[in-house]
**Q** 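Before we start, here is the structure in question, set down as C-alpha cells.
Everything numeric here is computed off the predicted structure, so don't read it as measured data.
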Amino acid sequence: MKRRLPVTLFASLLAVTSPFALASCGEEATPPPKAPTVPAGPAATAPVQAPYGMNDTPSSARPYDLPAQTAAPAMNARAAAFYQSGLQAFATGDLVNARAQFGQATQADPRAHQAFYSLGVVQERLRDAGAGASYRQAFTLVPDYEPAIVAYAMLLARKSQLGEAERLLNEKRGQMPKSAAVAATLAEIKSLQRDTGSAQRIAQEALKINPDYRPAMVIIARDHYRNRRLDLALYALQAILDGFEPVSENPPRDRDNAEALLLRGLIYREQGQRAAALEEFRKAVTRRPDLVEARVQLATYLLEAGNAQEALPLLEGAVRFDSEHVAAHLNLGDAYRLLERYADAKREFDWVLARDPNLAQVHYDLGLLYLFAPAVPGMTPKQQVAEAIKSLTRFQELRNKGQRDDSEELLNRAKLKEGELNAAAAAAQPAAPPPAAAPDGGVADAATDT
C-alpha cells in the first residue's frame with residue numbers, strides 16, 4: 001500500500017538542488033500580505049473574525065512543545081470594541097478608518113499587543129512610516145508574539161534591510177527555538193538574499209518543528225520559483241494544493257492556500273497556460289480578497305480579453321487594499337478607458353505618471369486615451385491628438401528595444417488625424433476677400449499720361 005509522504009521527507013524531496021549550483025534568478029513573488037488578527041480573551045466578546053490573513057492563535061509551535069508561560073493579557077472592553085470596528089473596516093478595504101479604529105484601541109489599552117500589530121498592518125498598507133514602531137511595540141509587550149515579529153522582519157526586507165531582518169530573526173530564534181513561524185520567516189529572508197541552500201534547509205527545520213505549518217511549505221515553493229526551478233516549485237505546490245494519488249492517502253496540505261494559488265498562477269502565466277493561470281488567480285482572490293497581486297493578475301487577463309466590466313471591481317478593490325500599487329492604478333485607468341469613463345481614466349494615468357514618469361506602459365495607455373476618446377474633459381480635439389503623438393513617441397523612447405507592438409501604426413493614425421484636423425480648420429477659415437480694384441479715374445489718368 002502506498003503511504004502518505006512524511007512532511008520531513010516531502011521537504012527533503014523539494015530541496016534536492018545544491019546551493020552552489022543556482023539557476024538564473026527570476027521575478028520574485030510578493031511576500032504574502034497580512035491582515036489584522038482577532039484578540040483573544042474574555043474582553044473580546046463576539047469577535048468579528050479576521051476574514052483573511054495571519055492569525056495569532058494557535059502558535060506555530062506544536063502545543064506539546066510550548067513552554068509554560070503566562071497568557072498574554074486580553075485587551076479591555078473599550079479597546080476591544082474599537083478593535084472589532086477596525087476589523088470590520090479592514091474587511092471592506094476601508095483602511096483609513098481601520099487605522100483610526102486600531103489607533104483608538106491602542107489608546108484605550110496601551111498594552112493591547114494585538115491592536116498595535118493590526119495598526120501596523122494597515123499603516124504598512126497605507127505606506128505610513130509608523131508601521132515599524134507599531135510592530136515593535138506589539139512584540140515588546142509580548143516578546144514571543146509571532147505575527148508582529150514576522151511582519152516587522154518582512155517590513156525590513158521590503159525596505160531592503162535584509163541584514164537587519166536576519167539579525168532580528170536569529171535573535172528571536174534563539175529565544176523561541178520552537179517557533180516554526182520565526183524559522184520559516186528566516187528561510188524567506190535567506191531566499192531573498194539568494195542563499196537558496198540555507199533557505200531550503202531552514203524551511204525544512206520549520207517543518208520539523210511543526211509538520212503542518214503551511215507558510216513554510218509555500219516558502220519552499222517560492223524559493224524554487226525565485227531560482228527558476230519551476231518543476232520543483234510546481235511539485236511543492238501540488239503537495240500543498242492537490243496532494244498526490246491516491247489522494248485519500250496523500251491529501252493536499254492546504255488546498256485553499258491563497259499564496260500558493262497565486263504562485264502557481266504566476267508559473268502558469270510564464271508557461272503560457274492562460275486558462276490555468278486565470279483559474280488560479282480567480283481562486284486566490286476568492287480565498288483572500290485582500291491579496292492585491294492576485295487581483296491585479298486576474299484583472300490583467302480580463303482586460304486583455306476585453307472584459308473591463310469584470311476587471312473593474314477587482315482593481316477598485318486592489319487600490320483600496322493598497323493605495324500605492326502602481327500596476328493596480330495603471331490597469332484601473334485602462335478599465336475606465338475601455339468603459340468610456342475618460343475623466344476617471346486620465347486621473348488614474350496621471351497618478352501613475354506622477355509616481356513613475358519613466359514607465360513606458362502609462363505613456364502607451366495615455367496615447368490610446370487621447371487618440372480614441374471622443375472627448376477628454378478640458379481638451380480640444382487638436383490638443384488630444386497632439387498629446388497622443390507626444391505620449392506614443394515617449395512610449396517608443398522608453399520601451400524595450402526588442403519589443404514588437406503597434407505603436408508605430410497608432411502614431412501614424414494620430415499624425416493622420418492631426419492632418420485631418422488641420423485641414424478641416426483651414427477649410428473652415430473664411431476666404432480672403434479679393435484685392436480692391438483701382439478707381440476708374442485713376443486708370444484713365446494713367447492712360448492720358450501715357
Side-chain angles (χ1 to χ4, degrees), residues 31-41 43-44 50 53-61 65-76 79-80 82-83 86-87 90 98-99 102-126 128-159 161-190 192 202 206 209-210 213 215-216 219:
K34 302 173 292 298
T37 58
V38 178
M54 191 190 328
N55 203 324
D56 60 336
T57 55
S59 168
S60 69
D65 284 335
L66 289 171
Q69 57 184 351
T70 304
M75 67 178 73
N76 65 41
F82 286 125
Y83 192 89
L87 289 178
F90 180 88
R99 175 174 58 184
F102 292 138
Q104 288 182 292
T106 64
Q107 294 171 19
D109 187 348
R111 299 196 61 78
H113 61 288
Q114 304 102 319
F116 279 105
Y117 163 71
S118 296
L119 177 59
V121 168
V122 293
Q123 286 174 323
E124 184 176 353
R125 285 175 177 251
L126 291 169
D128 185 325
S134 296
Y135 289 146
R136 287 195 303 272
Q137 183 63 14
F139 66 77
T140 297
L141 291 167
V142 178
D144 61 354
Y145 186 52
E146 291 175 339
I149 296 167
V150 169
Y152 184 56
M154 293 310 302
L155 176 62
L156 292 172
R158 280 185 279 279
K159 292 180 175 180
Q161 299 176 30
L162 293 172
E164 184 63 21
E166 182 181 8
R167 184 203 63 75
L168 167 72
L169 292 167
N170 278 324
E171 177 185 315
K172 287 296 181 181
R173 200 177 181 201
Q175 299 167 359
M176 305 163 61
K178 297 298 184 181
S179 171
V182 170
T185 308
L186 180 58
E188 181 86 336
I189 297 300
K190 300 305 289 185
L192 291 169
I202 297 170
I209 294 170
N210 182 355
Y213 189 59
I219 287 166

**Q** OG of Ser118 to NE2 of His113: how many Å apart, nearest 0.5 Å?
**A**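 That separation rounds to 9.5 Å.
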**Q** For Phe90 and Ala98, which heavy atoms make the closest approach, and how far apart are they?
**A**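 Minimum heavy-atom contact is N-CB, 3.9 Å.
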**Q** Does either side chain, that of Gln123 or that of Tyr135, offer a donor lying less than 3.5 Å from an acceptor on the other one?
**A**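 No pair is found: no donor N or O on one side chain lies under 3.5 Å from an acceptor on the other.
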**Q** Measuring from atom CD1 of Ile149 to atom CZ of Arg136, what distance do you get when rounded to the nearest 0.5 angstrom?
**A**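 One gets 13.5 Å once the value is rounded to the nearest 0.5 Å.
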**Q** Where is the tightest heavy-atom contact between Arg173 and Ala183, given as atom of each residue plus distance?
**A**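 Shortest heavy-atom contact: NE-CB, 4.0 Å.
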**Q** Taking all atoms of both residues into account, what is the closest heavy-atom pair of Pro143 and Met176, and its distance?
**A**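 The answer is O-SD, 4.1 Å.
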**Q** Surrounding CZ of Arg111 (heavy atoms of other residues, nucleotides or ligands, distance under 6.0 Å), is the total greater than 12?
**A**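 No, the 6.0 Å shell around CZ holds no more than 12 heavy atoms from other groups.
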**Q** Tell me which one of Val182, Leu186, Ile219 satisfies side-chain contact (heavy atoms from CB on, under 4.5 Å) with Ile202.
**A**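 For Ile202, the side-chain contact (heavy atoms from CB on, under 4.5 Å) check succeeds only for Leu186.
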**Q** Hey, are the side chains of Phe102 and Leu87 touching, using non-hydrogen atoms and a 4.5 Å cut-off?
**A**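 Yes - at least one pair of side-chain heavy atoms lies under 4.5 Å apart.
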**Q** So which heavy atom on Asp109 is nearest to which on Asn76, and how close?
**A**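 That would be OD2-N, 2.9 Å.
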**Q** For the atom pair CG (Leu156) and CD1 (Ile189), what is the distance rounded to the nearest 0.5 Å?
**A**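 Rounded to the nearest 0.5 Å, the CG-CD1 separation comes out at 8.0 Å.
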**Q** In Å, rounded to the nearest 0.5 Å, how long is the span from NZ of Lys172 to OG of Ser179?
**A**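 Between Lys172 NZ and Ser179 OG, I get 10.0 Å after rounding to 0.5 Å.
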**Q** Show me the donor-acceptor pairs within less than 3.5 Å that the side chains of residues 162-169 make with the rest of the protein, sequence neighbours left out.
**A**
{"unit_1": "Glu164", "atom_1": "OE2", "unit_2": "Arg167", "atom_2": "NE", "d": "3.2"}
{"unit_1": "Glu164", "atom_1": "OE2", "unit_2": "Arg167", "atom_2": "NH2", "d": "2.9"}
{"unit_1": "Glu166", "atom_1": "OE1", "unit_2": "Gln193", "atom_2": "NE2", "d": "3.1"}
{"unit_1": "Glu166", "atom_1": "OE2", "unit_2": "Lys190", "atom_2": "NZ", "d": "3.0"}
{"unit_1": "Arg167", "atom_1": "NH1", "unit_2": "Glu171", "atom_2": "OE1", "d": "2.9"}

**Q** Quick check: closest heavy atoms across Ala184 and Ala206, and the distance to 0.1 Å?
**A**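 Minimum heavy-atom separation between Ala184 and Ala206: N-CB, 3.8 Å.
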**Q** For Thr106, give me all partners under side chain to side chain donor-acceptor pair (under 3.5 Å), at least two apart in sequence or on another chain.
**A**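 Thr106 satisfies side chain to side chain donor-acceptor pair (under 3.5 Å) with no other residue.
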**Q** Indicate the ring-plane relationship of Tyr145 and Tyr117, choosing parallel, tilted or perpendicular according to the 30° and 60° boundaries.
**A**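 Ring orientation of Tyr145 relative to Tyr117: perpendicular.
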**Q** If I compare all heavy atoms of Gly103 with all of Leu119, which pair ends up nearest, and what's the gap?
**A**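 For Gly103 versus Leu119, the nearest heavy atoms are N-CD1, 4.0 Å.
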**Q** Output the distance between atom CZ (Arg99) and atom CG (Asp128), rounded to the nearest 0.5 Å.
**A**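 The CG atom of Asp128 is 5.0 Å from CZ of Arg99, to the nearest 0.5 Å.
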